[in-house]
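Inspection log for the structure reproduced underneath, given as structure tokens.
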Amino acid sequence: SVKRFCEAVRPKLQALGGLHALVLNAGVMFPPYMLTEEGIEWQFGVNHVAHFLIARELQGLLVASAPSACVAVSSLAHEWPKPAGGVLLELDAINDAAMYSPHA
């Protein structure tokens, strides 16, 4: 889990002198439909929700290690054509397997 990762890495980073840069890079693309342990659609959970949790969990260390920076890397996926109606992300249906598209 993300929380266990942060708990494990925090003391190692402190021993190395802190955390001066955190790069949040979405790394999952076009997976089959599945849910995280928390019940969130997996691609959205890994590429977006996990970033917020990592940044929140390591924020104290980032601030204490100043100068430091947190960068969220994006892609050109937001440029892809949107479906009819112009809505690419239906937050109300984020976990709906029938509405799932690995390209969204």
Side-chain angles (χ1 to χ4, degrees):
S1 84
V2 172
K3 279 193 151 187
R4 285 192 301 269
F5 164 76
C6 290
E7 289 168 359
V9 77
R10 189 179 296 110
K12 293 173 183 172
L13 291 168
Q14 289 170 325
L16 291 170
L19 177 60
H20 299 282
L22 177 61
V23 178
L24 304 167
N25 181 29
V28 174
M29 195 168 176
F30 310 131
Y33 179 81
M34 54 188 153
L35 300 175
T36 66
E37 293 175 7
E38 296 79 15
I40 300 168
E41 187 275 313
W42 196 74
Q43 182 171 223
F44 183 72
V46 170
N47 289 346
H48 302 286
V49 177
H51 287 179
F52 290 103
L53 183 56
I54 290 169
R56 188 187 76 186
E57 291 293 316
L58 297 178
Q59 179 181 7
L61 184 55
L62 272 167
V63 171
S65 303
S68 58
C70 179
V71 177
V73 179
S74 183
S75 72
L76 291 176
H78 68 283
E79 297 287 338
W80 292 350
K82 294 178 178 45
V87 177
L88 187 60
L89 178 62
E90 293 281 350
L91 289 176
D92 293 338
I94 196 76
N95 291 335
D96 186 346
M99 299 267 308
Y100 178 73
S101 168
H103 305 285

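Because the structure is predicted, anything quoted here is derived from the model rather than measured.
Under the 4.5 Å side-chain heavy-atom criterion for ILVMFWY residues, no single connected hydrophobic cluster contains both L35 and V2.
Distance check, rounded to the nearest 0.5 Å: CD1 of I40 to CG of N95 gives 7.0 Å. Within the model, atoms CD of Q43 and CE of M29 stand 8.0 Å from one another, a figure rounded to the nearest 0.5 Å. Between K3 atom NZ and R56 atom CZ the span is 5.5 Å, to the nearest 0.5 Å. For the atom pair OG of S1 and CD of E7, the computed distance is 7.0 Å after rounding to the nearest 0.5 Å.
Considering only residues two or more places apart in sequence or on other chains, E37 meets the side chain to side chain donor-acceptor pair (under 3.5 Å) condition with none of them. Annotation: ring-ring contact (aromatic ring centres under 6.0 Å, His included) contacts of Y33 (sequence neighbours excluded): Y100. In this view, V46 and V28, W42 satisfy the side chain to side chain contact (heavy atoms under 4.5 Å, CB included) rule, not counting sequence neighbours. Every residue two or more places apart in sequence or in another chain that forms a salt bridge (charged side-chain N to carboxylate O under 4.0 Å, His left out) with E57 is listed here: R10.
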Pair S68, V63 - check side-chain contact (heavy atoms from CB on, under 4.5 Å), show working. CA-CA 7 Å; S68 58; V63 171; 5.9 Å; no

Per-pair distances, 0.1 Å, donor-acceptor, side chain in residues 12-27, under 3.5 Å, sequence neighbours excluded:
unit_1, atom_1, unit_2, atom_2, d
H20, ND1, S65, O, 2.8
H20, ND1, P67, O, 3.1

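Legend: salt bridge (Lys or Arg N to Asp or Glu O under 4.0 Å) pairs involving residues 19-33, not counting sequence neighbours: none detected.
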